[in-house]
Colleague: 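Starting off with a structure, shown below.
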Amino acid sequence: MFVPCHQKLVSAFLLLYCLHLSAFDFLWPCPQKCICRQDTLEVNCSSKHLTVVPEGLHISARRLNLSGNRLKTLIRRQFYGLTQLEELDLSGNIISMIEVEAFQGLKYLRILKIKNNRLKIIPVGVFSGLSSLLSLDISKNEILVFLDYTFQEMVNLRELNAGENDLVFISQRAFVGLQSLQELNVDHSNLTSIPTDAFSQLQSLSKLRLRRLNINVLPNYAFRRLHQLRTLQILQWPSLETLNSNSLVNLNITSLVISNCNLSAIPYASLRHLTHLIYLDLSYNPITSIESNKLGELLRLQEFHLVGGKLLRIEPGAFRCLAHFKLLNVSSNRLTTLEESAFHAVGNLQILRLDRNPLTCDCRLLWVMRRRFRLNFDGRQPTCSAHERGRRREFRDFSEAEFSKVFICRQAGILERKLQDVMVDEGTNVQFECKVDGYPQPSITWLSPQQTPFSSVGRIRVHANGTLEVRYAQVQDTGTYLCIASNAAGNDNISASLHVRSSSRNYTPPNFFDESLVETSLPPSTNSSAQLSSPFPFDAKTIVIATTMGFLSFLSSVVICFVFMFLWSQSKGQIKHTATIDFVPRSSMGGGGEGGDTGRFTMKLI
Ligand SMILES: *[C@@H]1O[C@H](CO)[C@@H](O)[C@H](O)[C@H]1NC(C)=O
Ligand SMILES: *[C@@H]1O[C@H](CO)[C@@H](O)[C@H](O)[C@H]1NC(C)=O
Ligand SMILES: *[C@@H]1O[C@H](CO)[C@@H](O)[C@H](O)[C@H]1NC(C)=O
Ligand SMILES: *[C@@H]1O[C@H](CO)[C@@H](O)[C@H](O)[C@H]1NC(C)=O
Ligand SMILES: *[C@@H]1O[C@H](CO)[C@@H](O)[C@H](O)[C@H]1NC(C)=O
Ligand SMILES: *[C@@H]1O[C@H](CO)[C@@H](O)[C@H](O)[C@H]1NC(C)=O
Ligand SMILES: *[C@@H]1O[C@H](CO)[C@@H](O)[C@H](O)[C@H]1NC(C)=O
């Protein structure tokens with residue numbers, strides 16, 4: 001087209017026309033099918049069914065969009081000459097092969113997108129020459145491995161998206177050279193372990209997202225030398241159940257997300273050292289409680305999200321010491337209440353998501369009610385579940401006059417306050433009652449004369465109905481026991497006295513093979529349990545040693561041996577009066593068994 005136009009035989013009109021065209025083409029030749037914009041130096045060849053990279057691209061083009069075509073391969077020096085190119089978009093093609101040095105010459109390229117293609121492997125050297133690249137997207141391919149030195153020359157790369165590949169392995173030196181990389185995304189790969197060594201090359205990394213990995217334990221020292229890392233996101237690891245306690249050691253992060261995993265408890269031990277943490281999100285894990293005083297070392301924590309978990313309880317003091325805490329998002333759990341005492345200073349709380357929980361509206365939630373216009377519920381009002389009239393009501397529906405009648409508690413009180421003072425003989429069973437009343441239902445604690453609480457198991461135990469039972473009373477059990485009933489509105493207590501008389505004459509030791517009594521040595525909550533062991537005929541150590549030795553079987557085999565020898569010597573007519581029996585001691589006997597120090601018995605024959 002260029003040549004015929006310069007022939008002098010054509011008419012003036014045509015000449016003018018062609019001159020016009022050629023002048024335009026000379027400045028900004030635009031490949032057929034593409035849209036070129038000279039003002040922005042942009043060539044847009046998106047979705048044009050191209051099977052090869054078009055020719056005739058102008059060397060001053062800054063941006064080239066080849067997305068959504070049918071490109072299959074990129075050859076060596078494919079874009080050579082486009083020295084001014086800054087952005088290249090190759091996403092949505094069917095590229096399965098990129099030759100080494102394909103991008104050679106693109107020394108100003110800053111953004112390269114090869115997302116959504118069919119790459120299986122990236123030969124070392126493909127990215128050579130891309131020393132100005134800032135952002136590389138190779139997500140949604142079928143890449144299986146990253147080989148050593150794949151990204152070597154990209155010293156300025158800030159952002160690498162390698163998600164949605166079939167990655168099974170990242171070689172130890174794959175990320176060598178990525179000294180400026182700040183953000184790495186390895187979503188949805190088939191890795192079965194954290195490529196700790198490869199990551200440790202990334203000394204500028206500040207954000208790491210690892211989504212959809214099939215790993216069930218986060219091992220100790222999983223992240224090393226990531227000194228600049230501030231944000232770690234572990235998302236959708238459906239089998240992740242445990243974080244080893246040193247798994248996050250060496251990290252100094254401000255934001256941590258571990259969501260949509262299978263954690264059944266908050267990994268307190270692994271979080272403890274993260275004193276700069278500001279944002280913590282453990283949403284969509286089957287976590288049932290936030291325990292008291294366990295997050296206290298996260299001094300700078302401001303936001304805690306645990307949405308869609310299985311939270312039944314946030315214990316008082318759960319957020320104690322967290323003076324900067326201002327956002328709690330516990331939407332969609334199974335909480336019946338949230339007490340003010342969970343927080344360090346409830347006045348600092350700004351945003352509270354408590355919706356989609358089966359809340360019981362009583363005095364424990366009065367603090368929320370009182371602050372309902374000051375607190376930001378993020379557009380989701382908390383709701384009283386099935387209140388007295390059987391309907392759910394949003395907090396904002398309560399009038400001032402009403403909520404002072406609804407959000408109430410009845411202080412815990414003890415019913416039937418009768419004097420309980422008993423004197424019994426040793427070995428007797430005794431019960432002390434403690435019937436309580438209050439709203440919400442008070443909890444009952446029984447304290448021993450030494451002020452230690454009893455549990456529901458043990459020789460001395462507390463029944464569900466509040467009754468304290470002392471079985472086989474011992475002289476040492478003598479003293480004053482205290483029952484404490486408590487709920488959000490207050491406490492009440494009552495004491496009971498027990499005197500146990502020693503009666504050694506008619507005291508029959510209990511049957512120690514009674515199962516219910518054997519378990520009494522289990523609970524560590526009381527010291528009284530240790531006193532039981534004294535009436536045992538043997539001490540536990542003897543029994544253990546005897547059992548290990550196979551004491552009985554050993555004895556019986558010696559006896560059989562002896563009888564056999566006796567008969568044998570009889571039949572020979574040579575009557576011996578002693579017999580020496582050699583035996584090999586069992587290894588498990590160690591040095592402790594009786595007679596075990598010699599390998600031989602001498603016995604007298606009859
Ligand atoms: C490039 O062209 C495609 C379709 O031809 C269009 O959808 C897209 O918006 C264009 N991009 C730019 C940056 O102009
Ligand atoms: C990766 O995992 C997906 C499913 O999780 C599976 O379909 C695919 O075949 C795996 N790829 C490799 C290479 O194992
Ligand atoms: C999650 O953990 C529970 C037990 O804690 C287990 O039964 C379940 O199979 C786990 N889920 C997955 C996807 O591993
Ligand atoms: C941890 O990070 C914070 C900022 O996020 C920084 O001020 C602090 O010095 C860092 N601590 C260490 C030990 O690197
Ligand atoms: C609370 O969590 C939900 C679910 O993750 C989210 O949509 C919402 O934005 C969060 N609210 C706040 C205030 O962060
Ligand atoms: C409480 O329960 C225990 C064991 O179930 C029972 O022995 C006792 O009689 C009960 N006491 C009262 C007052 O109901
Ligand atoms: C029970 O054990 C604790 C801790 O070992 C001890 O402090 C306490 O004095 C003991 N009480 C009695 C009655 O021995």
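Whatever order the structure lists ligands and atoms in, that order sets their numbers, starting from 1.
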Colleague: Between the candidates N329, D281, L328, which shows the shortest non-hydrogen contact distance to atom 3 (C) of ligand 5?
Modeller: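 Among N329, D281, L328, the closest heavy atom to atom 3 (C) of ligand 5 belongs to N329.
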Colleague: For ligand 5, which atoms, with element, lie under 4.0 Å from some heavy atom of I351?
Modeller: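 Selected atoms, number and element: 13 (C).
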Colleague: Out of all atoms in ligand 5, which are within 4.0 Å of some heavy atom of R353? Include the element for each.
Modeller: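 Heavy-atom distances to R353 below 4.0 Å select 8 (C), 11 (N).
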Colleague: Would you please test L365 and T337 for side-chain contact (heavy atoms from CB on, under 4.5 Å) and show each step?
Modeller: CA-CA 7 Å; L365 282 170; T337 195; 3.8 Å; yes
Colleague: Would you mind listing which atoms of ligand 3 come within a distance below 4.0 Å of any non-hydrogen atom of E241?
Modeller: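 Reading through ligand 3 atom by atom, the close ones are 1 (C), 2 (O), 10 (C).
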Colleague: Below 4.0 angstrom from a heavy atom of E433, which ligand 6 atoms are there? Numbered from 1 as shown, please.
Modeller: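 Result: 13 (C).
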Colleague: Between S385, P382, C384, which is the residue that forms a side chain to side chain contact (heavy atoms under 4.5 Å, CB included) with L359?
Modeller: P382
Colleague: Please write down residue, atom name and distance for the protein heavy atom closest to atom 7 (O) of ligand 6.
Modeller: Q431 NE2, 3.3 Å
Colleague: Step through the shown structure and confirm whether more than 12 heavy atoms of other residues, nucleotides or ligands are within 6.0 Å of CZ on R211.
Modeller: yes
Colleague: When you look at CZ of R501, are more than 12 heavy atoms from neighbouring residues, nucleotides or ligands closer to it than 6.0 Å?
Modeller: yes
Colleague: Can a protein heavy atom be found under 4.0 Å away from atom 14 (O) of ligand 5?
Modeller: yes
Colleague: The test is side-chain contact (heavy atoms from CB on, under 4.5 Å); show your working for L208 and F199 and say whether it passes.
Modeller: CA-CA 10 Å; L208 175 60; F199 286 165; 4.0 Å; yes
Colleague: Can you tell which part of E303 has a heavy atom less than 4.0 Å from ligand 5: side chain, backbone, both or neither?
Modeller: neither
Colleague: For ligand 3, which atoms, with element, lie under 4.0 Å from some heavy atom of N262?
Modeller: 1 (C), 2 (O), 3 (C), 8 (C), 10 (C), 11 (N), 12 (C), 14 (O)
Colleague: Could you tell me how the ring of F407 sits relative to the ring of F395: parallel (under 30°), tilted (30 to 60°) or perpendicular (over 60°)?
Modeller: perpendicular
Colleague: Please identify which atoms of ligand 3 are closer than 4.0 Å to at least one heavy atom of P238.
Modeller: 12 (C), 13 (C), 14 (O)
Colleague: Identify, by atom number and element, the atoms of ligand 5 in contact range of H305, meaning under 4.0 Å from any of its heavy atoms.
Modeller: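 Every atom of ligand 5 under 4.0 Å from some heavy atom of H305: 14 (O).
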Colleague: Quick test: of every protein heavy atom, which one is nearest to atom 1 (C) of ligand 6, and how far off is it to 0.1 Å?
Modeller: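 Its nearest protein heavy-atom neighbour is N465 ND2, 1.5 Å.
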Colleague: Does atom CZ of R372 have more than 12 heavy-atom neighbours, drawn from other residues, nucleotides or ligands, at distances under 6.0 Å?
Modeller: yes
Colleague: Under 3.5 Å, side chain of H273 to main-chain N/O of L248, donor-acceptor pair present?
Modeller: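 Here the side-chain-to-backbone pair exists.
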Colleague: A quick test of your reading: do over 12 heavy atoms of other residues, nucleotides or ligands sit less than 6.0 Å from CZ of R212?
Modeller: yes
Colleague: With respect to atom 5 (O) of ligand 5, which of D355, D378, V307, L352 exhibits the smallest heavy-atom separation?
Modeller: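 Looking at heavy atoms only, V307 sits closest to atom 5 (O) of ligand 5.
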Colleague: Does the protein place a non-hydrogen atom closer than 4.0 angstrom to atom 9 (O) of ligand 3?
Modeller: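 Within 4.0 Å of atom 9 (O) of ligand 3, no protein heavy atoms are found.
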Colleague: For S239, take its heavy atoms, then give the atoms of ligand 3 lying under 4.0 Å from any of them.
Modeller: 14 (O)
Colleague: Using a 6.0 Å distance limit plus a 45 degree cone around the ring axis, check whether R393 lies over the aromatic ring of F398.
Modeller: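 Yes, a cation-pi geometry.
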